[in-house]
Amino acid sequence: YAVANLNYQLAPDGQYPTQILQVNEALSYLLKNAESFGIDPSRVFIGGDSAGGHLASQMGLYYTNPDFCLKTGGTPALSAEQLRGVILLCGYYNTETVRETHFPMIADSIWVLTGEKNYEGTEVSARMNTVGQITPDYPPAYVTCGDKDPFLSQAGELINALEENGVAVDAYLPISAAEPLQHEYQSVLTSAAGAEAMNRLLAFLSEQSKLS
């Protein structure tokens, strides 16, 4: 796999949806230089962890939901057919319910990102709510979250929305009494659950990147 690690402008200097547009610009650059980077433009995956998980989930909407794309702006760098899957690690996906998770600083983070202190019920929260905008055209998704992660309920909401729309989803929500599966548990590759999460991710990539 050819891997690109993308950066984006942080809030409050860059408010939503600045980050979506910047990721799209980066993908456009990568695909324009696909040959020199060794990229196959027909098999692209987008992934992220935590806040990056939310952003990756929104990129899945950007390339498959025309209404979402129109409201966000910009010119999509990818077609839905090019995007083979999204990798969603320990993210949040529903801004209408995420405050209830009591994840540290999450409400303030979204306030800074949107400019709305009481963001629930606003137009910007509706656009940031991935769960509420899933369609049957959404790309296959790999979703994981640990049992002690405050965002576990968010993963559950997303998985339900994907399944209700008939979207292929590979979900790994491990439960362990032997090791604490906190936020970003999958980054601890010496743990059994972390290793399994990465093995399942590799299997997901292999399956979804097969030539049809």
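Treat the numbers as computed from the prediction; the structure is a model and nothing was measured.
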Does some side-chain heavy atom of [Y] sit less than 4.5 Å from a side-chain heavy atom of [X]?
{"X": "V86", "Y": "F45", "value": "no"}
{"X": "F68", "Y": "I20", "value": "yes"}
{"X": "E184", "Y": "D49", "value": "yes"}
{"X": "L201", "Y": "D170", "value": "no"}
{"X": "L211", "Y": "R43", "value": "yes"}
{"X": "Y138", "Y": "N165", "value": "no"}
{"X": "Y8", "Y": "L55", "value": "yes"}
{"X": "H183", "Y": "S50", "value": "yes"}

Distance under 6.0 Å and angle within 45° of the ring axis: does R99 meet both against Y119? yes
Which pairs pass side-chain hydrogen bond (donor to acceptor under 3.5 Å, both in side chains) with one or both residues in [range], sequence neighbours excluded?
{"range": "residues 28-37", "result": "none"}
{"range": "residues 108-117", "result": "none"}
{"range": "residues 52-75", "result": "Y16-Q58, N24-Y63, S57-T130, Q58-T130"}

Kindly compute the distance separating [atom1] ([X]) from [atom2] ([Y]), expressed to the nearest 0.5 Å.
{"X": "Q19", "Y": "L113", "atom1": "CD", "atom2": "CG", "result": "5.5 Å"}
{"X": "Q186", "Y": "S191", "atom1": "CD", "atom2": "OG", "result": "9.0 Å"}
{"X": "L88", "Y": "I159", "atom1": "CG", "atom2": "CD1", "result": "9.5 Å"}
{"X": "Q182", "Y": "D147", "atom1": "CD", "atom2": "CG", "result": "8.5 Å"}
{"X": "T101", "Y": "L152", "atom1": "OG1", "atom2": "CG", "result": "10.5 Å"}
{"X": "L10", "Y": "T18", "atom1": "CG", "atom2": "OG1", "result": "11.0 Å"}

Let me check something: do [X] and [Y] share a hydrophobic cluster, defined by ILVMFWY side-chain heavy atoms less than 4.5 Å apart, either directly or through other members?
{"X": "Y142", "Y": "V169", "result": "no"}
{"X": "M59", "Y": "L83", "result": "yes"}
{"X": "L31", "Y": "L6", "result": "yes"}
{"X": "L205", "Y": "L189", "result": "yes"}
{"X": "I87", "Y": "I134", "result": "no"}

CA sep, side-chain torsions, deciding dist, call: F103, Y92, ring-ring contact (aromatic ring centres under 6.0 Å, His included): CA-CA 10 Å; F103 189 93; Y92 70 91; 8.4 Å; no
Please enumerate all residues that pass side-chain contact (heavy atoms from CB on, under 4.5 Å) together with P174, with sequence neighbours excluded. T144, Y172, L181, Y185, A193
Only counting residues at least two apart or in another chain, list the ones meeting side-chain hydrogen bond (donor to acceptor under 3.5 Å, both in side chains) with E157. N94, T97
What residues form a side-chain hydrogen bond (donor to acceptor under 3.5 Å, both in side chains) with S125, not counting sequence neighbours? T95, E96
Say whether, by atom type as modelled, one donor and one acceptor occur between the side chain of [X] and the main chain of [Y] under 3.5 angstrom.
{"X": "Q133", "Y": "R127", "value": "yes"}
{"X": "Q15", "Y": "A11", "value": "no"}
{"X": "Q154", "Y": "Y93", "value": "yes"}

Write down the atom of P41, the atom of A34, and the distance for their closest heavy-atom approach. CG-CB, 3.8 Å
side-chain hydrogen bond (donor to acceptor under 3.5 Å, both in side chains) between S79 and Q82, intermediate numbers included: CA-CA 5 Å; S79 67; Q82 289 173 282; 3.3 Å; yes
